[in-house]
Amino acid sequence: MAYWLMKSEPSVFGIDHLIDRKVALWDGVRNYQARNFLRQMQKGDLAFFYHSNCEVPGIVGLMRIAKEGYPDPTQFDPEHKYFDPKSPADNPRWTGVDVEFVEKFSGTLSLADLKTLPELAELALVRKGNRLSLMPVSEEQWQVMLALCQRA
DNA sequence: GCCAACGTTGGC
DNA sequence: GCCAACGTTGGC
């Protein structure tokens, strides 16, 4: 089983949306590095839900990968913001996964706090200029973050 | 294949 | 809302 961190803007899709839906398609990833990580995800993997581009960016909850990578349907929808006219129908360019709500923490483990943790120095999230929207988390990193989240 | 222009991300 | 950082596009 692997661990991940996935970012989303709460004004678009936040942890409360996932609570309402229980299971949702994680769509709209249009970056190849992030897509490749999506394709590595396996059912049962755990992921932190991270709120980006908001008042207090940080980790707010926990979810589980409920369905492994499959073609993101929004890439074929001309009406959709994430439509990609260049994606071949017989070899879809973009992947989505289904995620399932697990837990919402009582507080936010903020990016500012995460940046102070020496164990996370190698995590893409806290490295200068990094905009990767989802990334793998090592078991050690996961344990450090989870302990702080559950205390928060 | 280079690289300038452009668009997007996301912290602040 | 600003803007730095970075990815992508497309002319050459």
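The chains referred to below are lettered A, B, ... by the order of the sequence lines, with proteins before strands, and numbering in each begins at 1.
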Comparing A/Asn53 and A/Asn31 on DNA chain C - which has the more 5′ nearest nucleotide: A/Asn53
Please state how far atom [atom1] in [X] lies from atom [atom2] in [N], giving the value in whole angstrom units.
| X | N | atom1 | atom2 | answer |
| --- | --- | --- | --- | --- |
| A/Arg93 | C/dT8 | CZ | C1' | 11 Å |
| A/Ile59 | B/dG10 | CD1 | P | 15 Å |
| A/Tyr32 | C/dT9 | OH | C1' | 11 Å |
| A/His51 | B/dT9 | NE2 | C1' | 17 Å |
| A/Asn130 | B/dC12 | CG | P | 13 Å |
| A/Lys7 | B/dT9 | NZ | P | 11 Å |
| A/Arg131 | B/dG10 | CZ | C1' | 8 Å |
| A/Leu5 | B/dG10 | CG | C1' | 14 Å |

Using the ring of A/Phe83 (Phe, Tyr or Trp, six-membered ring only), decide whether A/Lys81 places NZ or CZ under 6.0 Å from its centre and within 45 degrees of its axis.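 No, cation not above the ring by the 6.0 Å, 45° rule.
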Within-4.5 Å side-chain heavy-atom neighbours: A/Arg93 and A/Arg30: no
Can you find a side chain N or O atom of A/Lys115 that sits less than 4.0 Å from OP1 or OP2 on B/dC12? yes
Please confirm whether the ring centroid of A/Trp4 lies under 6.0 Å from the ring centroid of A/Tyr50.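 For A/Trp4 and A/Tyr50, the ring centres are not under 6.0 Å apart.
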Of A/Glu55 and A/Lys81, whose nearest nucleotide on DNA chain B comes first from the 5' end? A/Lys81
Under the 3.5 Å rule, do the base of B/dT8 and the side chain of A/Arg30 count as making a donor-acceptor pair? no
Cluster overlap A/Leu117 with A/Phe105, hydrophobic side-chain contacts below 4.5 Å: yes
Any idea which of C/dG10, C/dA5, B/dG11 is nearest the A/Lys86 side chain? C/dG10
